[in-house]
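Data block below; observations after.
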Amino acid sequence: MMLNRLETGSLASAFRGSREEFVVSRGRSPGRSQSIQVRASSGGDPAGWLQTASKQLGKLSSFGEKRKTATSTSTRGPSGDNVQYTGVATTMKKLKVLDLIDRVADIQDDTSEIVGGKRVTVQLVSKDVDPKTGESMKSSEVIFPNWAGLEGPAASLIDFVLEFTVPKSFGVPGAILVKNAHPNEFLLVSFELELHDKSKAHYVTNSWVYNTEKTGARIFFQNTAYLPDETPASLKALREQELINLRGDGTGERQIGDRIYDYAVYNDLGNIEQNEKFERPNLGGNDMYHFPRRMRTGRRNTTVEAKKFPGMVYETRKTKGDFYIPRDEAFERAKMSDFLADGFRSIGHSVSSKVTGFVTRKQEFDTVEEIKKLYAKKGEKVGGINNVLPDKEDIPEQEQYPLVFLQEVLKPDGKMEHPLLYPLPQLLQADDTSWRSNDEFAREFLAGLNPVMITRVKFPIRSSLDPAEFGDPTSAITKDHIEGSLEGLSVEEAVTSNRLFVVDYHDAFLPFVAKINAQQNSATYATRTLLFLSKDGILKLLAIELALPPKTVGEERITRVLTTRKDDQLWKVNWEWELAKAHVSNNDITAHQVFSHFSRCHAVTEAVIICSNRNLSKLHPLMQLLAPHFKSTLEINRQARATLIAAGGSIETHFTTRAYSLEMAAVNYKDTWTFESQALPTDLVARGMAVPDPDSPHGVRLVVEDYPYAADGLELWGALKAWHKEYVDIYYKDDAAVLQDSELMTWWTEMREKAHEDKKDSHGWPELNSKEALVDILTTVIWIPSCLHAAVNFGQYDFAGFMPHHPTLTRRLLPEHGNEKDKADFNKNPEKYYLTSISNIDSTTTAMSVYEVLSAHCPIEEYIGERRGNWTNNEKVLAAFKGFKESVNEADAVMRARNADPKLRNRGGPVKMPYQLLRPHSKPGVTSMGVPNSITI
């Protein structure tokens, strides 16, 4: 992957330039690799040594990262009353594309240095005020020396050594002020300060610094956290000013260099100025469609008036992807290159079928076996998205190659391999028929792609929809359908013994079914699936209810109940039954994408990120805690808004619900979402999948002991909560300290009143009045982008990459609900009817390519229990975090032991695919395991 430093521990070589001041050395150092360093003197003709250096670096400087060290001092040297501090600022210049620097911008910046005297400077700010003036003590501004230089085309890390002379009483600086007079931005990767006593201070940077001539100096604080009322006097004004800068004033269109976090509703899903058919309702800000808030962009409103949704005002969409987010929220360069390369190669896997379809006009699969030909054979490598390069003992795997995009496209496994076949999903690896078994179908509601929907049954099952519009609210599934399949129990006994469960999409789908089915090539039902917990601890599929809305108001729904048959065998396929299961799976994959995945993870976390940056200073201990759980999320959400969830985008094109997908998401959020219900224990109890039990480790006892998502999730929930309790105890001495934290109180108020404004008067908002309440809130906030997202995201390819198992499209109803042609087609060739009822070739391969990208881990992924860099200098916090990491590893050991226990049959099921989605760590690629800190994909 991208070389953060050109590691050279395994190669001995050295050469020198024509001047002593320019040295590039490579040499072996026992036990450690070294970085290339380029040292520039402050005297002499810069062009001369740069040209000489460029020639001698040759190919090496063309693709490897290097570090360039230059030294600058303040004007005053140390004296008896002064001391000298040495700072090292690590920077990277503006990028053009992928891993390549912007050569034009580089020349502009160099010219501004040489000709215009424009500089980049740093100034230290003491934690103490000057006793004479009462103002903050500051050092002189120190210039980044010798900025101008000829860099290779690949991104480089450049070290600038800066010398500061300050009074002995200056102490440890609490902040630095960085000014950039260049026309272009640069990345301040890190800033480390060595004090006169050789101790070191680190500052929270890794931020793009744009021109500051109009905005004022950028403020970067030391990695020491303070509650608001504990802030050193000299930093209080800076703390307040930084929050003012991040909030903005709510006006104007955001520009790329802005660092402003503000709210808006989703009023830009469709470009109606391009085509009025793309009109979609605003999500949020109205009584019908509630939704969390997104990042405000401030673009102008459309000139086309709303027609389908009168009174709504829409924001323009200039081009695809033209959505503002602060630059620091974008992917890091290695992540972006990896993401693009993954997409490029995954599309390559679909080329063969798409080209064949274009040439032959073939749009449909003829048999299920034909679909399997899209995959490589078991064990065969296809250049899939696994990113793993050959290990080199002295070089970290993620730092082996400089140009991520080319390496990932051409040699993801270190060698050229077949680019036109998809990797075989784990679902098919043990055998390629068990996916169709009823037991596997049932098991995945506990241990599959969307294990958060199953609930305990209250029988008879009843709808909460208006009977006047949708008919009798009682489910069509009766005792007669199921009583012979309950191992001798009556329905009442099965209910009271907690052995009857349902996955119920009836109420979420039925109000939309008529509109969905009126669209071209869309045909769906509102489904219910009834399940029974057998005495051997596995779920058994009992019945499927398929419902259509009344044809006219006042009539009854059209329903069909299908039940399992004792003679069902994998080798003897009942295609009508398989089509009924396909309709359930289609409801489920749609609910997974727009309810469980996008709404409850991506959209909810975006609102949290906006709220946190507006109200919690970088100095706040909670911002230090939350920061890794926000990484890359706004970028991936921006990409989703551009292509996945937009009107005419991937969801609308390849999912049955099409234009109503996000509309359904908003209604579901309105009807079901509360903050408290996002906490795992609360959610499990609310769904009847657990009961409160103070004697259990996590305060709840599972109704289904072998519920892999819940059991593993509670291990991580417990580890998170314990870590957060220790963290809160370090910074808050008592409950009163929580209430006195002005930033925290404003954060929680704004979370409710602005981030989730549509739900501000709903129940389920806990009162933040104690340390215990704060721990619960933090654990819920962090659970969502880490564990919940991992559970519903990283299994997409291995569970749904084989289309018949989770078709994104259903295009025909059961024959009895179709026309005469449908019945004739089914009688003639049931398998062909089944295949023409679900996704066609184009939608299948498109979904597979998307799943392959979305299920992949980047090699620079940061997993739960991991943090890089000097994020805090608090020894108590570091000790507590070490304990948290150990707890995460212990949870992983528990999960591995569970997967090895043959009595826990729901963990592997008929397909023999162990449940690993909540195992904390993973190698890069598609693995169906690993819990990143944040939503990075």
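Heavy atoms only: backbone and side chains are in, while hydrogens, waters and symmetry mates are out.
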Legend entry - Ala582 versus Pro807, closest heavy-atom pair with distance: O-CG, 3.9 Å
Legend entry - Salt-bridge present (Glu663, Arg658; N to O < 4.0 Å): no
Inset, instruction - Please confirm whether the backbone N or O of Gly648 pairs with a side-chain atom of Lys277, one donor and one acceptor, at under 3.5 Å? - result: no
Inset, instruction - Give a yes or no on this: more than 12 heavy atoms of other residues, nucleotides or ligands lie within 6.0 Å of atom CG of Asp466. - result: yes
Legend entry - With sequence neighbours excluded, residues passing salt bridge (charged side-chain N to carboxylate O under 4.0 Å, His left out) with Glu816: Arg560
Inset, instruction - Starting at OG of Ser855, measure out to CG of Asn793 and round the result to the nearest 0.5 Å. - result: 6.0 Å
Legend entry - Heavy-atom closest contact (Ile589 atom, Phe655 atom, distance): O-CE2, 4.0 Å
Legend entry - Distance, nearest 0.5 Å, that separates CG of Leu813 from CG of Leu548: 6.0 Å
Legend entry - Flag, side chain of Asp472 to backbone of Glu556, donor-acceptor distance under 3.5 Å: no
Inset, instruction - Check whether the side chains of Asn301 and Tyr314 place a donor and an acceptor atom closer than 3.5 Å, and report yes or no. - result: no
Inset, instruction - Apply the test side-chain hydrogen bond (donor to acceptor under 3.5 Å, both in side chains) to residues Tyr669 and His756: give CA-CA distance (whole Å), side-chain angles for both, the deciding distance (0.1 Å), then the verdict. - result: CA-CA 11 Å; Tyr669 169 82; His756 292 274; 2.7 Å; yes
Legend entry - Exam field: side chain Gln519 to backbone Ala659, donor-acceptor pair closer than 3.5 Å: yes
Inset, instruction - Please check if any side-chain donor atom of Ser677 sits under 3.5 Å from a side-chain acceptor atom of Asp683, or the reverse. - result: no
Inset, instruction - State which residues pass salt bridge (charged side-chain N to carboxylate O under 4.0 Å, His left out) with Lys832; sequence neighbours excluded, sorted by chain then number. - result: Asp366
Legend entry - Under 3.5 Å: donor-acceptor pair, side chain of Glu606, backbone of Met295: yes
Legend entry - Contacts of type side-chain contact (heavy atoms from CB on, under 4.5 Å), residue Asp758, not counting sequence neighbours: His290, Arg293
Inset, instruction - Apply salt bridge (charged side-chain N to carboxylate O under 4.0 Å, His left out) to Glu370 and list each qualifying residue two or more places apart in sequence or on a separate chain. - result: Lys362
Inset, instruction - List the steps, then state whether side-chain hydrogen bond (donor to acceptor under 3.5 Å, both in side chains) holds for Asn521 with Arg812. - result: CA-CA 8 Å; Asn521 286 325; Arg812 301 174 87 168; over 6 Å; no
Legend entry - Heavy-atom donor-acceptor pair, Lys759 side chain to Trp673 backbone, under 3.5 Å: yes
Inset, instruction - Quick one: closest heavy-atom pair of Thr563 and Ala543, and the distance? - result: CG2-CB, 3.9 Å
Inset, instruction - Answer with yes or no after comparing the ring centroid distance for Tyr525 and His817 against a 6.0 Å cut-off, counting only values under it. - result: yes
Inset, instruction - Measure from the side-chain N and O atoms of Ser522 to the backbone N and O of Ala518, and report whether any donor-acceptor pair falls under 3.5 Å. - result: no
Legend entry - Main-chain N/O of Asp268 paired to Arg317 side chain as donor or acceptor, under 3.5 Å: yes
Inset, instruction - Report, as yes or no, whether the 6.0 Å neighbourhood of atom NZ on Lys551 holds more than 12 heavy atoms from other residues, nucleotides or ligands. - result: no
Inset, instruction - Might you work through the salt bridge (Lys or Arg N to Asp or Glu O under 4.0 Å) test for Arg296 and Glu253, ending with a clear yes or no? - result: CA-CA 9 Å; Arg296 179 184 178 276; Glu253 181 174 353; over 6 Å; no
Legend entry - Atom pair OG/CG of Ser928 and Leu917 - distance to nearest 0.5 Å: 5.5 Å
Legend entry - Candidate pair Arg557 and Glu545, rule salt bridge (Lys or Arg N to Asp or Glu O under 4.0 Å), full reasoning: CA-CA 12 Å; Arg557 295 165 301 144; Glu545 178 184 357; 3.4 Å; yes
Inset, instruction - Please check if the side chain of Gln593 supplies one atom and the backbone of Ile651 the other of a donor-acceptor pair under 3.5 Å. - result: no
Inset, instruction - Evaluate the side-chain proximity of Tyr707 to Leu684: yes if any heavy-atom separation is below 4.5 Å, no if none is. - result: yes
Legend entry - Glu315 with Arg299: basic N within carboxylate O range, under 4.0 Å: yes
Legend entry - Shortest non-hydrogen contact from Tyr834 toward Trp575: CD2-CZ3, 3.4 Å
Inset, instruction - Check salt bridge (charged side-chain N to carboxylate O under 4.0 Å, His left out) between Glu273 and all other residues, then give those that pass, not counting sequence neighbours. - result: Arg300
Inset, instruction - Go through the steps for Val573 and Arg436 under the test side chain to side chain contact (heavy atoms under 4.5 Å, CB included), then give the verdict. - result: CA-CA 9 Å; Val573 182; Arg436 201 166 52 222; 3.3 Å; yes
Inset, instruction - Report yes or no: do Ser849 and Tyr422 form a side-chain donor-acceptor pair below 3.5 Å? - result: yes
Inset, instruction - May I ask you to decide if Ala603's main-chain N or O and Arg294's side chain share a donor-acceptor pair within less than 3.5 Å? - result: no
Inset, instruction - Find the distance between OG1 (Thr590) and CZ (Phe512) and round it off to the nearest 0.5 Å. - result: 12.5 Å
Inset, instruction - Give the minimum heavy-atom separation between Tyr709 and Leu788, together with the two atoms involved. - result: OH-CD1, 3.7 Å
Inset, instruction - Output, in order, the C-alpha distance, side-chain angles, deciding distance and verdict of side-chain hydrogen bond (donor to acceptor under 3.5 Å, both in side chains) for Glu555 and Thr552. - result: CA-CA 6 Å; Glu555 294 185 2; Thr552 60; 3.0 Å; yes
Inset, instruction - Check for a donor-acceptor pair, side chain of Ser843 on one end and backbone N or O of Ser839 on the other, with a separation under 3.5 Å. - result: no
Legend entry - Aromatic contact, His592 with His806 (centres under 6.0 Å): no
Inset, instruction - Using the ring of Tyr263 (Phe, Tyr or Trp, six-membered ring only), decide whether Lys754 places NZ or CZ under 6.0 Å from its centre and within 45 degrees of its axis. - result: no
Inset, instruction - Establish, yes or no, whether a centroid distance under 6.0 Å links the rings of Tyr833 and Phe826. - result: yes
Inset, instruction - Identify the residue among Thr527, Thr808, Thr810 that makes a side-chain hydrogen bond (donor to acceptor under 3.5 Å, both in side chains) with Asn586. - result: Thr810
Inset, instruction - Measure the CG-NE2 distance between Leu854 and His597 for me, rounded to the nearest 0.5 Å. - result: 6.5 Å
Legend entry - Heavy-atom pair with the smallest gap, counting every atom of Glu635 and Glu329: CB-O, 3.5 Å
Legend entry - Euclidean distance, Phe309 CZ relative to Asn282 CG, rounded to 0.5 Å: 9.0 Å
Legend entry - Test item: Asn668 and Arg600 side chains (from C-beta on) under 4.5 Å apart, heavy atoms: yes
Inset, instruction - Would you mind telling me which of Tyr851, Tyr797, Trp435 makes a ring pair (Phe, Tyr, Trp, His ring centres under 6.0 Å) with Phe802? - result: Trp435
Inset, instruction - Output yes when Asp262 and Arg254 qualify as a salt bridge under the 4.0 Å nitrogen-oxygen rule, no when they do not. - result: no
Legend entry - Contact list for residues 503-513, test salt bridge (charged side-chain N to carboxylate O under 4.0 Å, His left out), sequence neighbours left out: Asp504-Arg528
Inset, instruction - Among Leu283, Val667, Thr657, find the one that has a side chain to side chain contact (heavy atoms under 4.5 Å, CB included) with Leu662. - result: Leu283
